[in-house]
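This report concerns only the one structure given below.
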Amino acid sequence: MGAVLAPGKRTVSACLRMTGRAAASNFSSYHQILNRARWDTHAVARRLLIMIIDRLVPEGPVVIGMDDTIERRWGRKITARGIYRDPVRSSHGHFVKASGLRWLSFMVLTPVPWAGVVKALPVLTLLAPSERSDRQRGRRHKLLTDWARQGARQLCRWLPDRDIIFVGDSSFAVHELAHAITNRATLISRLRLDANLFAPPPQRTARSVGRPAVKGAPLPKFVHLGVRNLPVVERPFGVPHRIIKEIRLP
């Protein structure tokens, strides 16, 4: 929990200071666990997830946030890096590129008793190599949503007896991800007002010919229904829910 308590950058030295080991003579040993020790990342992620769930979320649904971040790294041996859109410095009219490694993080959203706020505690982080890197290595390129589907199903296997809610931005609003976890978890994401909506595919009969349909009749879009703001209900931990946006019909 030292990383949760440490303000600013979550460095190893900051974690040691917050846990009372600022004067430890063997402080370099804690740094070597990251650059010299050999350990299984999946095993560490599973133990970290179980520890956080047991201590901070012993009951109720487990809310897990998904988000990608870019680590700006350069060098000959950094082969998985690519060029992506910088979400911080870019805007609707200004596009800024960033070169680095793209990581996908799964974070348990839970209230921390001594902090009084909801914290996002990373439990599983996956590297999403660039398309150029996969092409040079002869590997099939995986999209960010492919890594999200793989990570979400892995977390569902680690928590077989708990209700899980995955929360992400509009990047994760895809059918493949939703269908992969529909029988095990819930996915909450943003939906565009001009998104194409379709009814479920019709049931096949003995007279049906051709390939099975994957979608039904088109449905009206939200923008055509006059919806300006979708209803979003915010339910912070420990306080009654409140509506932060409302539907405005013409």
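It should be emphasised that the depicted structure is a prediction, and the values quoted were computed from it without experimental measurement.
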query = Measuring from I181:CD1 to F166:CZ, what's the distance to the nearest 0.5 Å?
reply = 5.5 Å
Gap separating the CG atom of L121 from the CE atom of M51, nearest 0.5 angstrom = 9.0 Å
query = More than 12 non-hydrogen atoms from neighbouring residues, nucleotides or ligands closer than 6.0 Å to CG on D169, yes or no?
reply = yes
query = Is it true that a side-chain atom of R140 and a backbone atom of R135 form a donor plus acceptor pair closer than 3.5 Å?
reply = no
request  = Locate the shortest heavy-atom distance separating G216 from F198; write the atom from each residue and the value.
outcome  = O-CD2, 3.6 Å
ask   = Roughly how far, to the nearest 0.5 Å, is the CG atom of L143 from the CG atom of L177?
value = 12.0 Å
ask   = Nearest heavy-atom pair of P129 and W147: which atoms, and what distance?
value = CD-CZ2, 3.8 Å
inquiry  = Would L187 and V167 count as a side-chain contact (heavy atoms from CB on, under 4.5 Å) here? Give the steps.
reply    = CA-CA 6 Å; L187 175 63; V167 182; over 6 Å; no
ask   = Under the 3.5 angstrom rule, does the side chain of T125 hit a backbone N or O of S105 as a donor-acceptor pair?
value = no
remark   = Between G82 and S130, the two heavy atoms sitting closest are CA-CB, 3.7 Å
key: Trace of the side-chain contact (heavy atoms from CB on, under 4.5 Å) decision for H42 with Q154   = CA-CA 10 Å; H42 280 73; Q154 180 66 74; 4.3 Å; yes
query = Taking it one step at a time, do R102 and D68 satisfy salt bridge (Lys or Arg N to Asp or Glu O under 4.0 Å)?
reply = CA-CA 7 Å; R102 194 178 194 182; D68 63 300; 3.3 Å; yes
task = Check E176 against R149 and note the closest heavy-atom contact, atom names and distance.
result = O-CD, 4.0 Å
query = Under the side-chain contact (heavy atoms from CB on, under 4.5 Å) criterion, do V62 and I165 qualify, and how do the steps go?
reply = CA-CA 6 Å; V62 180; I165 301 176; over 6 Å; no
inquiry  = Run L124 and L155 through side-chain contact (heavy atoms from CB on, under 4.5 Å) and show every step you take.
reply    = CA-CA 9 Å; L124 178 62; L155 294 175; 4.2 Å; yes
message = Would a single hydrophobic cluster contain both I188 and V118, if residues Ile, Leu, Val, Met, Phe, Trp and Tyr are joined by side-chain heavy-atom contacts under 4.5 Å?
response = yes
ask   = For residues S208 and T205, is any side-chain donor paired with an opposing acceptor at under 3.5 Å?
value = yes
Nearest atoms (heavy-atom pairs only) where I50 meets W158 = CD1-O, 4.1 Å
message = Check for me, please, whether M107 and L101 land in the same ILVMFWY cluster - side-chain distances under 4.5 Å, paths through other members count.
response = no
query = When you look at NE2 of H175, are more than 12 heavy atoms from neighbouring residues, nucleotides or ligands closer to it than 6.0 Å?
reply = no
query = Hey, are the side chains of K215 and L197 touching, using non-hydrogen atoms and a 4.5 Å cut-off?
reply = no
request  = Hey, could you give me the CG/OG1 distance between D163 and T186, rounded to the nearest 0.5 Å?
outcome  = 7.5 Å
ask   = Taking C-beta and beyond as the side chain, do V63 and T110 meet within less than 4.5 Å on heavy atoms?
value = no
message = Consider side-chain contact (heavy atoms from CB on, under 4.5 Å). Of I70, L126, T69, which one does W103 pass it with?
response = T69
message = Measuring from atom CZ of R190 to atom OG of S171, what distance do you get when rounded to the nearest 0.5 angstrom?
response = 10.0 Å
query = Is it true that atom CZ of R204 has more than 12 heavy atoms of other residues, nucleotides or ligands lying nearer than 6.0 Å?
reply = yes
key: Donor-acceptor under 3.5 Å (R162 side chain, G60 main chain)   = yes
inquiry  = Evaluate S99 against R81 for side chain to side chain donor-acceptor pair (under 3.5 Å), listing each step before the verdict.
reply    = CA-CA 7 Å; S99 177; R81 68 185 180 93; 2.7 Å; yes
key: Shortest non-hydrogen separation from A213 to P201 and the atoms involved   = O-CB, 3.4 Å
ask   = Stepwise, does the salt bridge (Lys or Arg N to Asp or Glu O under 4.0 Å) test hold for D134 with R137?
value = CA-CA 5 Å; D134 288 336; R137 297 189 177 189; over 6 Å; no
ask   = To the nearest 0.5 Å, how far apart are CD1 in I164 and CD1 in I64?
value = 5.0 Å
